[in-house]
Each structure stands twice: as structure tokens, then as C-alpha cells.
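For reference, the structure discussed in these notes is given below.
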Number of protein chains: 2
Amino acid sequence: MSDGGPGTRERLLQAAREVVATEGLEGLTLRAIARRAGVSHGAPLRHFPTLASLLSAVAADGFRRLVARIDDDLARAEAVAAAEGGRLDPLARLAVAGRAYVRFALADPGVFAVTFRPERVDVTDPDYATAGYASFQQLVDLVTDAQATGWMAGERPEDVAAVLWAHVHGIAELALHGGLPAVVGHDDTERLIALSNLVTLGVETPPVPDRPTDRPPREEQR
Amino acid sequence: MSDGGPGTRERLLQAAREVVATEGLEGLTLRAIARRAGVSHGAPLRHFPTLASLLSAVAADGFRRLVARIDDDLARAEAVAAAEGGRLDPLARLAVAGRAYVRFALADPGVFAVTFRPERVDVTDPDYATAGYASFQQLVDLVTDAQATGWMAGERPEDVAAVLWAHVHGIAELALHGGLPAVVGHDDTERLIALSNLVTLGVETPPVPDRPTDRPPREEQR
DNA sequence: CCCGCGGTGTTGACAGTGTCTACGTACCTG
DNA sequence: CAGGTACGTAGACACTGTCAACACCGCGGG
């Protein structure tokens with residue numbers, strides 16, 4: 001047998017990402033995933049007991065990519081600050097993490113939507129739960145650092161982290177599905193992110209250079 | 001004409017609210033609504049061209065009740081302040097409105113969930129759009145008042161309102177579907193609301209007395 | 001050898017969904 | 001009284017997720 005292609009299980013996960021990217025949440029159906037992966041409509045059930053568990057696997061992977069993206073943006077912003085002979089304030093780091101969260105949501109809206117839609121995902125899936133917990137813990141650590149400077153000192157870091165997460169998540173959902181132009185008159189998400197960070201943290205968002213591999217150098221095609 | 005009960009159209013809307021309250025978003029199906037209303041599965045389509053448009057009507061009504069609830073809580077908090085010989089700061093009014101928003105979400109989770117789920121609602125429905133716009137405008141007015149005191153002066157009030165709305169909405173979604181205990185270790189939503197207001201507005205949330213008619217005696221028009 | 005056997009995939013069911021169409025009725029108006 | 005219109009029903013259609021039955025295929029043990 002040729003080991004050239006990935007296993008069917010991986011192909012199913014990739015097919016799910018492609019379907020949600022092109023057809024949206026509505027079209028994210030078990031049979032559509034099977035069609036995209038080139039297998040029969042019953043084949044996915046040999047690898048996942050149910051559709052929700054397949055989507056949970058996609059979501060857990062999304063959590064892990066989110067954590068990596070935030071870490072990467074933090075390192076990137078820190079490098080900029082170091083080049084100017086300084087270091088990033090803990091509040092500034094929180095601001096960078098918040099922007100990275102929203103950017104991640106905008107870069108992969110389908111996976112992001114699946115991840116936080118409890119009616120599509122099996123929230124009791126252990127892999128999903130631990131990946132989500134790790135993502136939350138990343139934020140708690142940033143909050144703990146910030147509290148050392150006196151900001152929101154005395155509050156439980158988990159509570160502060162939950163509030164900040166809710167705020168940033170609300171911004172992401174507004175940018176994704178809220179119809180920004182209809183409600184605000186423009187669609188400058190970056191401005192709303194900066195304003196959100198200013199309101200919650202009282203801090204300007206530090207610059208983060210665009211990553212070279214963010215989008216393959218393909219111009220929009222016709 | 002109208003003699004015995006409400007018209008079929010009203011019965012359908014009420015049935016939709018009951019179904020989502022008891023069966024959740026998953027069970028909110030056209031045929032389930034029809035069954036609950038005691039009509040055949042095709043009858044709803046005589047009043048609404050599609051399921052999404054029926055849910056849009058439910059959502060638009062939800063928007064109007066939300067506006068009324070926030071106005072009511074504002075008046076209530078203002079009365080408390082007046083009894084103590086003072087008046088509410090504009091930032092304090094924003095805090096009261098934010099708490100009212102979350103409380104509304106918790107009081108009617110089903111309707112709230114439907115209202116902000118674009119895949120269930122027809123967002124182009126004119127009634128839905130104008131009701132949603134009115135709700136947003138209520139917030140913009142509160143923000144404009146607060147800006148007169150110097151807070152976030154110079155920012156477009158629509159932008160500030162959008163950010164605050166996203167924050168409060170994120171808190172509501174976290175409280176509803178985020179599994180607060182799993183992520184934070186307790187389920188004290190009031191504390192998270194207060195903390196959110198403290199972070200965004202730098203202000204303690206003023207007290208709002210519980211309304212006596214919070215769950216009104218479900219009176220039917222007869 | 002071949003025999004079973006577990007992993008994998010296919011096919012065909014089944015109940016349930018939203019929506020469309022055909023049909024019936026009851027009521028109001030000209 | 002005739003006719004049209006609003007409303008409700010029943011049946012179909014193409015979907016969906018899930019399950020059961022069947023087929024293939026690489027193996028290890030009699």
C-alpha cells in the first residue's frame with residue numbers, strides 16, 4: 001500500500017475544515033465531510049462515534065493552534081520591544097494576546113465558530129476539554145503577571161481571566177457575525193480591538209509585525 | 001375575529017418560546033413548534049415564509065423586551081440613588097445597563113440564544129433589524145452621556161458602544177454556555193458582572209432592587 | 001493450508017427535518 | 001348567491017445523523 005496520503009482519519013478532519021471554510025456552519029454536515037474526503041457517507045462513523053465527536057477533534061486542534069498563535073505573537077511583539085531596548089509591560093502582553101485571539105478568529109472563522117458552538121461540539125470530549133483548559137490557563141498566567149504590578153490585585157486571577165476572555169471573545173464574535181458595518185458604520189476591526197484593549201487595560205496595543213507565512217503570497221484570485 | 005384564544009400566529013410565537021425553553025436550541029424545530037401549538041406541520045408556513053422568519057419574529061420581540069428591561073432597571077437604580085439624595089453618574093448608568101443585559105439573558109436563555117444565532121434567524125428581516133438597531137441605539141445614548149464627562153472623549157460613540165456591547169455580550173454567553181464552574185471554579189455570575197463593569201468602566205455597579213414582577217403570573221388574555 | 005477475526009469501507013435502511021404542492025374549507029365581499 | 005382569499009391539512013421530496021448488514025483484506029494460530 002502506498003503510504004503517500006494521510007490516513008482516512010486525518011483526511012476527514014481536513015475535509016471538515018475545508019467544508020466549514022467554504023460552505024459555512026450550515027453546510028458542515030457528516031455526509032458533506034464524507035463526500036469531500038472521497039469516502040462513503042458511513043465511513044466517518046468508523047473513526048468517530050458521532051459527528052459531534054469528529055467536530056470536537058477539529059475544535060481541540062483549533063485550541064492548540066490558538067495557544068501557539070498567541071505565544072508566537074507574544075514572542076514577536078517582545079522582539080520588537082527588545083529591538084528598541086525595552087521590555088513589554090504585562091498589561092501590554094495582555095493586549096497583544098487579545099489581538100492575537102481576534103486575529104486567529106478572523107483567520108479561520110469556520111474552525112473558530114465550531115469550537116465555541118456547544119450544539120455542534122461534544123463538550124464532554126476529554127481531548128476538547130483539556131485543550132480548552134490549557135488555552136484558558138495561558139490567559140490566567142498572563143493575568144497573574146499583570147496582577148503583580150498592582151492591576152486588579154486582590155481579585156482571583158481566574159475571575160479576571162474569565163472576564164477578559166469574555167470581552168475578547170465578544171469582540172471576535174462581533175467582528176465575525178455581528179455585522180460591524182451595519183452597527184458601527186465601518187469594518188475596521190483593528191480599531192475596535194485597540195479600543196477594547198484601551199477600555200479594559202488602559203493601554204495602547206503594542207505593534208506586532210505581520211508574520212511572513214500568514215497568508216501564502218497568493219493575491220486574491222479571480 | 002378574536003374571541004376565544006389568541007390567533008394562530010401568536011400561538012406559534014409562544015409555542016416557539018416554550019419549545020426553546022424546554023427542549024433547547026436543538027429541539028427548536030418547525031414541526032415541534034407546530035406540534036406544541038396544536039396545528040399541522042405545514043400550518044406555520046401560512047404565517048411565516050420560513051422557520052428563520054418565525055424565529056426572527058421571536059427575536060425582534062426579544063430585542064424590544066430587552067430595551068424595556070434595561071430602561072426599567074435604570075429607572076429603578078435611579079430611584080435608589082434619589083432616595084439617598086444623589087443622582088447616578090453616567091458611568092454608573094452604563095454599569096446598571098450592562099448588568100441588566102446579562103440578567104435578561106439569564107432570565108430567558110432560549111430567546112436570548114435564538115436572537116444572536118445568525119444561522120437560526122433571518123438577519124435581513126426588517127423587523128429584526130430595526131429592533132436590533134433600537135437596542136444598540138439605547139446603548140449609544142448612554143455612551144454619549146458618559147463621554148460628556150470626559151471618559152473616552154474623542155472616540156466615536158458607536159465604536160465605544162460596540163466595544164462595550166461585545167464585552168457584555170461575551171459575559172452573557174460565558175454565563176450561559178461557557179460552563180462557568182468548569183473554567184472559574186464557581187458560578188457566581190453577579191461577581192463576574194461586577195468585575196467586568198469594574199474593568200471596563202472603573203466603577204462599582206450600583207444596586208438595583210429586585211423587581212416584584214420578575215416572573216409575572218403568566219396571565220392569558222381572555 | 002485455511003480458518004476465523006478484527007479493522008475498515010460500502011450500502012441500504014429508518015426516523016426526523018424544512019419546504020413545496022395539491023387539496024379543502026370557511027368566511028367575507030361584490 | 002358566486003367567487004375569491006385566507007387558513008389549515010396531508011402528502012411528497014431531498015436532505016440529515018445514525019444504525020445494521022454485508023464485503024474485503026491482512027494476519028496469527030489450528
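Proteins come first, then strands; the chains are lettered A, B, ... in the order of their sequence lines, and each starts at number 1. Because the structure is predicted, anything quoted here is derived from the model rather than measured.
- Exactly one of B:Gln14, B:Arg31, B:Glu18 qualifies for a side chain to side chain contact (heavy atoms under 4.5 Å, CB included) with B:Arg36. That residue is B:Glu18.
- Residues B:Thr8 and A:Arg46 each lie close to DNA chain D; by heavy-atom proximity, the contact nearer the 5' end of the strand is made by B:Thr8.
- Whole-Å rounding puts the B:Glu26 CD to D:dT18 P distance at 11 Å.
- Checked against side-chain contact (heavy atoms from CB on, under 4.5 Å), A:Ala77 has the following partners two or more places apart in sequence or in another chain: A:Leu88, A:Val96, A:Val208.
- Here A:Val143 pairs with A:Leu94, A:Leu139, A:Gln147, A:Pro157, A:Val160, A:Ala161, A:Leu164 under the side-chain contact (heavy atoms from CB on, under 4.5 Å) rule; sequence neighbours left out.
- The separation between B:Phe48 atom CZ and D:dC7 atom C1' is 14 Å, rounded to whole Å.
- Rounded to whole Å, atom C1' of D:dA6 lies 14 Å from atom CZ of B:Arg9.
- Under the 6.0 Å cut-off for aromatic ring centres, A:Phe63 and A:Tyr128 qualify, their centroids lying closer than that.
- Residues B:Arg93 and B:Asp145 are not paired through a salt bridge, judged by the lack of any N-O separation under 4.0 Å between the basic side chain and the carboxylate.
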For nucleotides 14-20 of chain C, just jot down a letter per nucleotide in 5' to 3' order: B, S or -, based on protein non-hydrogen atoms under 4.0 Å.
---BBB-
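- Here the C1' atom of nucleotide C:dG6 and the NE2 atom of A:His47 are 14 Å apart, to the nearest Å.
- Under a 4.0 Å N-O distance rule, the pair B:Arg117/B:Glu173 qualifies as a salt bridge.
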